[in-house]
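One structure below.
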There are 2 protein chains.
Amino acid sequence: MYSQSEENYLKAIYHLEESSEKGVSTSKLSEELQTKAASVTEMLKRLAEKKLVNYRKYYGVSLTPEGKSWALAIIRKHRLWEYFLVECLNFNWDEVHEVAEQLEHIQSKKLVEELDCFLGRPSFDPHGDPIPNAAGVLPEFKKRRLSEFKVGDTLICKGFSDASSSFLQFLDQHKIGLNTLVSIKSIQEFDESMLVKVGNNEIMLSKTATQNIFVERNKESKIKERA
Amino acid sequence: MYSQSEENYLKAIYHLEESSEKGVSTSKLSEELQTKAASVTEMLKRLAEKKLVNYRKYYGVSLTPEGKSWALAIIRKHRLWEYFLVECLNFNWDEVHEVAEQLEHIQSKKLVEELDCFLGRPSFDPHGDPIPNAAGVLPEFKKRRLSEFKVGDTLICKGFSDASSSFLQFLDQHKIGLNTLVSIKSIQEFDESMLVKVGNNEIMLSKTATQNIFVERNKESKIKERA
DNA sequence: TAAAATTTTTAGGCAAAACTAAATAATTTT
DNA sequence: AAAATTATTTAGTTTTGCCTAAAAATTTTA
């Protein structure tokens, strides 16, 4: 429908709209996309003609509803593929981006829906970023960090932020991955480090670590807690 | 490394070299790729410069070893993705081609190798076509049709040729799919139809049907036969 | 608020990959 | 073997998406 380049612009505009208060300028886009400002101007005119963006010369750009929904569709694909690569194909979190960047442009409604289904309709990708559903709606609950919970909570790991390779190795070593069950045994007050149970082992996690692990409540164990 | 368009030319040349005795001409290529002859000439010059093909004006084209190995790499990716779509994502055999056509151009060594591994290193795609290995070598054993076997043989379905949608429905109905176990109970001499066992049911297959089902011997059951 | 600095746009090019129309080479026919 | 037909190549355009350099608009600063 749209070219890869056009899709990359839409995605970049979406991300810049999210992350910055002020509007999206030509220069911000050119930096994000590693191209020259002149190329950006040209593309913005083309996208405006296609009604994907609102563009006023010299005053920046914003997505139309049409453009936003297309951007969300690409982000959905990107994050589902990232999930697939980590979950099924043994990719590390720091290896997925480049490949997902290519896979996100594959055009096939059926492919995306079946992949989503195959993966169990995940709500967050391996970096902890939310995955929009088929209608372009983001999951309503926010990503929460392990550090926000308290003793007794049992949680499922749903993502890990900005994994440095040493953090990654650490998690690997202790068998902490996507969908791993973690329960909080105790918390040290003075440094907020946590003693958690993973499988049959107890592991000590620093505050830094618990802030970089995204989790979801384990619904099953909640029922058990009440019983 | 090479553009999608260049890759499509390499693949087309490979297929035409395989299927026809005589060399590959500009017009054959233009028909295969649905483009004009003039465009083909232009591209052949470019591919020749890159040492991917041997091209002599007015006398057609052939792949260099370098070109052939790229072509096989693309075919490998195409067929692995087809297998994935059918096996994991509930695609029918007649729906996979278009999507695999896109997926085959994704560049990532790791992706291909991990996908191959994830799928259990299949030798044939859902259409019964052989999948080259990472070194570009095709499986040495040929695809065999169910019709070539005899009473008592137990076989695993590995592909289905040119599935018309009614043939497809028929197979679906009788729970015959990729990797389904089929054993031959009896063969009618006069029309070569077969009575086969699939799961707990016995099914009658016409000669036409058995000729369109590709199978492999089931190694496990061979051992049992000896015991 | 006018000058200076910065940002953005315009103008003019380039490469890839397609196209049409015209020219040329190869093959077939007579 | 020359003429006719067919296949292939060349030449000249188009579109997409990038580039540089120059011009114009906006913003900052003095």
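Residue numbers begin at 1 in each chain, while the letters A, B, ... track the order of the sequences.
Taking atom CD of B:Glu42 as the reference point, atom P of C:dA16 lies 10 Å away to the nearest angstrom. To the nearest angstrom, P of D:dT16 lies 10 Å from CE of A:Met43. Following rounding to the nearest Å, A:Leu33 (CG) and D:dC18 (P) show an atom-to-atom distance of 8 Å. Nucleotide C:dA16 holds its P atom 17 Å from the CE atom of B:Met1, rounded to whole Å. Here C:dA17 presents its P atom at 11 Å from CD of B:Glu7, a figure rounded to the nearest Å. Between the CD atom of B:Glu49 and the P atom of C:dA17 there is a distance of 13 Å, given to the nearest Å. Atom NE2 of B:His105 is separated from atom P of C:dA17 by 12 Å (rounded to the nearest Å). A:Leu29 places its CG atom 14 Å from the C1' atom of C:dT7, with the value rounded to the nearest Å.
Checking the phosphate oxygens (OP1, OP2) of D:dT16, no side-chain nitrogen or oxygen of A:Ser5 falls inside 4.0 Å. Remark: B:Ser27 is not in phosphate contact with D:dT6, judged by side-chain N or O atoms under 4.0 Å from OP1 or OP2. Here B:Thr26 reaches the OP1 or OP2 of D:dT9: one of its side-chain N or O atoms lies under 4.0 Å away. Within the structure, a side-chain polar atom (N or O) of A:Arg46 is placed less than 4.0 Å from OP1 or OP2 of D:dG17. Remark: B:Tyr55 is not in phosphate contact with D:dT8, judged by side-chain N or O atoms under 4.0 Å from OP1 or OP2. For C:dT10, the OP1/OP2 oxygens have a side-chain nitrogen or oxygen of A:Lys45 closer than 4.0 Å. Considering only side-chain N and O atoms, A:Lys36 lies under 4.0 angstrom from the phosphate OP1 or OP2 of D:dT20. One finds a side-chain N or O of B:Ser39 lying less than 4.0 angstrom from the OP1 or OP2 phosphate oxygen of C:dC19. A:Tyr58 has no side-chain polar atom (N or O) that falls below the 4.0 Å cut-off from OP1 or OP2 of D:dA23. Under 4.0 angstrom from either OP1 or OP2 of D:dC18 there lies at least one side-chain N or O belonging to A:Tyr9. Put simply, B:Tyr59 has a side-chain N or O that comes within less than 4.0 Å of OP1 or OP2 on C:dA26. For the pair A:Thr41 and C:dT10, the criterion of a side-chain N or O lying under 4.0 Å from OP1 or OP2 is not met. Using a 4.0 Å cut-off, no side-chain N or O of B:Ser25 falls inside it from OP1 or OP2 of D:dA7.
At a threshold of 4.0 Å, the pair A:Glu42-A:Lys36 does not count as salt-bridged, since none of the basic side-chain nitrogens sits closer than that to a carboxylate oxygen. A salt bridge links A:Glu101 and A:Lys11; the closest N-O separation between the charged side-chain nitrogens and carboxylate oxygens is under 4.0 Å.
The minimum heavy-atom distance linking A:Cys157 with A:Ile213 is given by the pair SG-CG2, 4.0 Å.
No hydrogens or angles considered: a donor-acceptor pair under 3.5 Å links the side chains of A:Glu7 and A:Trp70. Checking A:Glu32 against A:His15 by side-chain atom types alone, no donor-acceptor pair falls below 3.5 Å.
Using cut-offs of 30° and 60° on the angle between ring planes, the pair B:Phe170 and B:His174 is tilted.
Closest contact between the side chain of A:Ala38 and the listed nucleotides C:dA17, C:dT10, D:dT8 involves C:dT10.
Each of A:Gln34 and B:Ala37 has a nearest nucleotide on DNA chain D; the 5'-most of these lies closest to B:Ala37.
Residue-level contact check: A:Tyr2 touches neither bases nor backbone, having no heavy atom under 4.0 Å from any strand.
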